[in-house]
Amino acid sequence: MSAESVTAVAPAGPDTSGSSSGRRHLGLALFVIAAAQLMVVLDATITNIALPAIQTDLGVSDANLAWIVNSYALAFGGLLLLGGKAGDLFGRRKMFQVGIAVFTLASLLGGLAPNESLLIGARVLQGVGAALAAPSALALITTTFPAGKSRNTAMGVYAAMGGVGATVGLLLGGTLTDVLDWRWVFFVNIPIGLAVLAGTRTLVEAERHPGRLDVPGAITGTGGLIALVYGITRGGEHGWTGGVTLVSFAAAAVLLAAFLYLQARTADPMMPLRLFKDRTRSGSYATMLFIGAGMFATFYFLTLYMQLILGYSPVRTGFAYLPFSFGMAMAAGISSKLVTHLAPRLIAGPGLLVAAVGMLWFATLEPDSSYTAHLMPAMFVTALGLGMSFVPMTLGAVSGVSHQDTGVASALLNTAQQIGGALGLAILSTISTSAADDKLPEAAGSLYRGLATKDFALVAKAGDAVTHGYTMAFVAAAAMFLAGLLVTGFAINAGRQHHTEGAAPVHMG
């Protein structure tokens, strides 16, 4: 793409001068947005550590266990574009408030769920609330914070919450499950949600834009993604030539094709295809898809490894993730400063390479691997690489976007991460299960039986097979990060983000 200068003018907002009242106002606004993003993201992982306790308490089958995680990711990712469009049409602050309210109510229902079906239903409703809130949260940064240093800092904090939130969810989930009960992984969202709602008055509403919601696009797009993930999950469990699996893939192909057809011909599409004309923006979305695929599945398998193979308690598992949180926060802070001096690909590319190295380090795990010598450094290296990637990808996704498309552009970034996470978990679960079962038929079931009956010979045999399955999943996750690296190198060609206030020229090329 030829070099060009796109000017993004910050809309009128609160007092953002050097006055103490202006700084306090922006500080509170940043706290509200960061807290909302933290809550939305941590809920993608907070249930991971509670999965064994949920399975025991509610009698969830092995086949359905992953759906407690995936149901949220699918509803969140599948409806994000609709949520972003709703914010553009009806007001981003209003949709942010509605989304947080729905999310908080769903968290209450999840904590009270008496069975597997109602819990999964509550997780879907949480995903709906998150889909309404998340794109508006990112878009509100552009209306509340002036372009330049303030906005770059806010973007850095927002991006950091995307990674730190995942590890905080694991830490908090372990503590709540061990000290109280698994239901508190849902109840904890209630006070956070109420506090966020109380602070939304500090956020600056953007101009609304005429149009209507693209309901057919939402139905075909979300339905196609659900059919695709279900087909991958079922294929891994029951075989790839089964009738239900083939029907799922056929339905996914038809629905996703219909979705693209509608988006190209609808006056007010849910996903304006013009957003993909910018090479850097398209590359940012594609890279975030691969990042989500590798990262979400990593949390899932590492949690099961630490609890089932190493015998960690939920709270110990949560604290074991602290190096990941530290690495992510450190790298996000560094990269938010580097984007003013270096092109995004020069930050995100090396970061993804480092993350892939961390994944390959995980791929060498054994049933008796040491936490200090193996797990801890591998976590820190992986987090460092991912943290270097989040900020430039976030900025690349929204730079140069017209005000009327800010919500949708923001939603696309979150959609890529969430759908990548759902697809990654489905694909890597299939790889892990197949690899484990090749060494020992029904390896996971054998491990659970051995743990329940204290048959330590069976536990050792099944644990070796299950660990082998996990390591194969980590190899596949490394390949996903490397695929993101290739996309970054070839597609993302934005220049550095200028460090100026007011009207900020963003040079592309």
Side-chain angles (χ1 to χ4, degrees), residues 44-45 66 69-70 73 77 162-163 166 225 228-229 231-233 235-236 240 249 282-305 324 327-328 331 345 347-366 369 374-375 377-390 392-393 416-439 465-492:
T45 59
V69 177
N70 254 358
L225 291 170
L228 177 60
V229 173
I232 293 171
T233 303
W240 298 100
F249 283 132
S282 297
S284 296
Y285 296 145
T287 301
M288 190 58 77
L289 184 79
F290 288 116
I291 290 174
M295 189 178 76
F296 278 56
T298 299
F299 288 133
Y300 182 81
F301 293 115
L302 275 181
T303 298
L304 293 178
Y305 171 79
F324 202 104
M328 186 73 72
R345 64 178 177 271
I347 305 169
L352 287 167
L353 181 60
V354 170
V357 170
M359 283 292 102
L360 293 176
W361 201 338
F362 283 132
T364 63
L365 285 171
E366 300 287 344
S369 290
H374 201 149
L375 275 174
M379 281 185 192
F380 185 79
V381 168
T382 303
L384 203 63
L386 290 175
M388 294 298 291
S389 306
F390 274 114
M393 291 304 102
Q417 184 175 346
Q418 293 299 320
I419 295 303
L423 287 171
L425 183 54
I427 293 169
L428 298 187
S429 292
T430 299
I431 291 172
S432 177
T433 300
S434 298
D437 289 349
D438 283 344
K439 293 199 72 172
V466 170
T467 300
H468 173 68
Y470 296 159
T471 60
M472 292 300 99
F474 292 136
V475 171
M480 291 176 176
F481 290 151
L482 291 175
L485 170 61
L486 290 176
V487 173
T488 300
F490 287 106
I492 297 178

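Throughout, numbering of the chain's residues begins at 1 and tracks the sequence. None of these values were measured; they are calculated from a predicted model.
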What are the two closest heavy atoms between [X] and [Y], and how far apart are they?
X      : Y      : answer
Leu365 : Thr471 : O-CG2, 3.6 Å
Ile347 : Pro350 : O-CD, 3.6 Å
Ala383 : Phe324 : CB-O, 3.1 Å
Ala465 : Lys439 : CB-CB, 3.9 Å
Ser432 : Ala473 : CB-CB, 4.1 Å
Tyr300 : Ser429 : CE2-OG, 4.2 Å

Query - Single hit among Leu360, Val487, Leu353 for side chain to side chain contact (heavy atoms under 4.5 Å, CB included) with Leu482 - result: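 Exactly one option meets the side chain to side chain contact (heavy atoms under 4.5 Å, CB included) with Leu482, and it is Leu353.
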Query - Working for side-chain contact (heavy atoms from CB on, under 4.5 Å), residues His468 and Asp438 - result: CA-CA 10 Å; His468 173 68; Asp438 283 344; over 6 Å; no
**Report entry** Side-chain donor/acceptor of Tyr305 to backbone N/O of Glu366, under 3.5 Å
**Finding:**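 Yes, because the side chain of Tyr305 sits within donor-acceptor range (under 3.5 Å) of the backbone of Glu366.
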Pairwise side-chain contact, [X] with [Y], heavy-atom cut-off 4.5 Å (strictly under):
X      : Y      : result
Ser389 : Ile291 : yes
Leu386 : Met295 : yes
Leu352 : Thr287 : yes

Partners meeting side chain to side chain contact (heavy atoms under 4.5 Å, CB included) with [X] (sequence neighbours left out):
X      : result
Ala293 : Met480
Ala378 : Trp361, Phe362
Ala476 : Leu428, Ile431

Requested in this report: Dump the intermediate steps for side-chain contact (heavy atoms from CB on, under 4.5 Å) on Phe290 and Leu485, then the final yes or no.
Outcome: CA-CA 9 Å; Phe290 288 116; Leu485 170 61; over 6 Å; no
Report task. Kindly compute the distance separating CG (Leu302) from CZ (Phe474), expressed to the nearest 0.5 Å. Result ->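 The distance works out to 4.0 Å.
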